[in-house]
Amino acid sequence: MATLAVVFDWPYEVSNGKWLLYLTEIVTKGTAESHCVPKGDIVNPLNLALPSRGSSRRRREVDLSQGLESGSTLPMSKTGKATVSLDCFQNTTSCITFSCPLLNMTNKATVIVRARVWNSTLLEDYSEVGRVTVKAKATLKLVTKKPTIEMTETTHPIILEVDSEILEEAPQDIALWIIIVAVVAGILLLGLIILLLWKCGFFKRASRREMYEAKGQKAEMKIQPSETERLTEDY
């Protein structure tokens, strides 16, 4: 008896042991089983509460139901930065291998792998990176004990590209009309201040002070009498 199975090489941790792609659920359609539960308690080992289908948190999960060849990409917000590749076969991640048998498969079967991108790992270890590319693979193979039954294995890559959500604010150009309005407002404000000082007599006080100082100097000056006036006064 032969059974088709999908074998996954899954990057669940980075090299330092932090979570990367945390498996939350594996759904199978078109087979006898509705879920795939691999050995080793690798699906949701922390017993995290899974969001409902209508929840907004659903967008944080990676849904591979659109096909194994196409990768899921989060919106790009950082360009011109370095790209880091996390691959099971480049020793940049810790990977696990698990199999999902397609028991009593009909004409078509679908395997949906849902996982959660571990945000804290990306923020702590890859905050200065523009894009993180995570690579896994899925292989369709025939599991049988009869050597006479053979099937060529088919391998499909799974590529997930995660772009940073940390936005870099670009310097904004100030509109010309804002500069003109600011200059005119400054001139009007300066003119208003000068007018108020003039109304308060600020400039008049300065001129009167100089006049008083000049009169004081004249009052202190005393004309000395001549020798003839002194002799006249003596007689």
Side-chain angles (χ1 to χ4, degrees), residues 11 13-16 18-22 24 48-67 69-87 92-93 114-136 157-221:
E13 290 180 349
V14 293
S15 57
N16 58 10
K18 297 180 181 179
W19 291 108
L20 181 57
L21 291 183
Y22 179 86
T24 58
L48 300 180
L50 299 180
S52 60
R53 290 188 178 273
S55 174
S56 60
R57 293 179 61 187
R58 187 73 172 184
R59 63 184 177 85
R60 295 186 180 181
E61 294 190 349
V62 180
D63 193 341
L64 303 178
S65 61
Q66 300 301 321
E69 283 188 301
S70 60
S72 301
T73 306
L74 298 180
M76 180 182 296
S77 59
K78 217 176 187 184
T79 57
K81 300 291 184 178
T83 300
V84 172
S85 178
L86 302 178
D87 195 335
T92 53
T93 61
R114 295 192 177 103
R116 183 172 297 176
V117 178
W118 211 258
N119 266 348
S120 60
T121 300
L122 299 181
L123 291 174
E124 293 171 3
D125 296 359
Y126 304 100
S127 60
E128 300 299 325
V129 177
R131 170 174 291 179
V132 177
T133 302
V134 184
K135 297 180 181 180
I158 302 173
I159 300 175
L160 173 68
E161 294 178 341
V162 183
D163 294 303
S164 173
E165 292 184 355
I166 302 176
L167 300 178
E168 293 182 346
E169 295 184 359
Q172 298 181 353
D173 295 333
I174 301 176
L176 179 61
W177 68 270
I178 297 179
I179 299 176
I180 295 174
V181 170
V183 172
V184 173
I187 294 174
L188 292 176
L189 180 61
L190 180 60
L192 180 60
I193 294 173
I194 294 174
L195 180 61
L196 291 175
L197 292 176
W198 179 73
K199 287 291 186 180
C200 294
F202 178 80
F203 301 105
K204 291 182 179 180
R205 285 201 199 103
S207 60
R208 288 177 181 174
R209 185 180 303 111
E210 293 176 356
M211 183 178 63
Y212 292 153
E213 291 176 358
K215 288 183 178 180
Q217 291 177 0
K218 289 180 180 179
E220 292 176 357
M221 294 176 62

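Exactly one of Val181, Ile180, Ile179 qualifies for a side chain to side chain contact (heavy atoms under 4.5 Å, CB included) with Trp177. That residue is Val181.
To the nearest 0.5 angstrom, Glu13 atom CD is 9.0 Å from Leu20 atom CG. Going from atom CD of Glu161 over to atom OG of Ser85 covers 9.5 Å, rounded to the nearest 0.5 Å. For the atom pair CZ of Arg116 and CG of Leu21, the computed distance is 12.0 Å after rounding to the nearest 0.5 Å.
Across all their heavy atoms, Thr93 and Asp87 have their closest contact at OG1-O, 3.3 Å. Taking each heavy atom of Pro11 and Val134 in turn, the nearest pair found is CG-CG1, 3.5 Å.
Residues forming a side chain to side chain donor-acceptor pair (under 3.5 Å) with Trp118 (at least two apart in sequence, or on another chain): Ser120. Residues satisfying the side chain to side chain contact (heavy atoms under 4.5 Å, CB included) criterion with Leu190, sequence neighbours excluded, are Ile194. Taking Ser15 as the reference, nothing meets the side chain to side chain contact (heavy atoms under 4.5 Å, CB included) condition, with sequence neighbours excluded.
A donor-acceptor pair is defined here as one N or O able to donate and one able to accept, closer than 3.5 Å; such a pair exists between the side chain of Thr24 and the backbone of Arg114.
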Exercise for review: Before giving the answer on side-chain contact (heavy atoms from CB on, under 4.5 Å), spell out for Thr133 and Val84 the whole-Å C-alpha distance, their side-chain angles and the decisive distance to 0.1 Å.
Suggested key: CA-CA 6 Å; Thr133 302; Val84 172; over 6 Å; no
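Side-chain atoms of Val14 and Tyr126, non-hydrogen and from C-beta on, do get closer than 4.5 Å to each other. Leu188 places a side-chain heavy atom less than 4.5 Å from the side chain of Val184.
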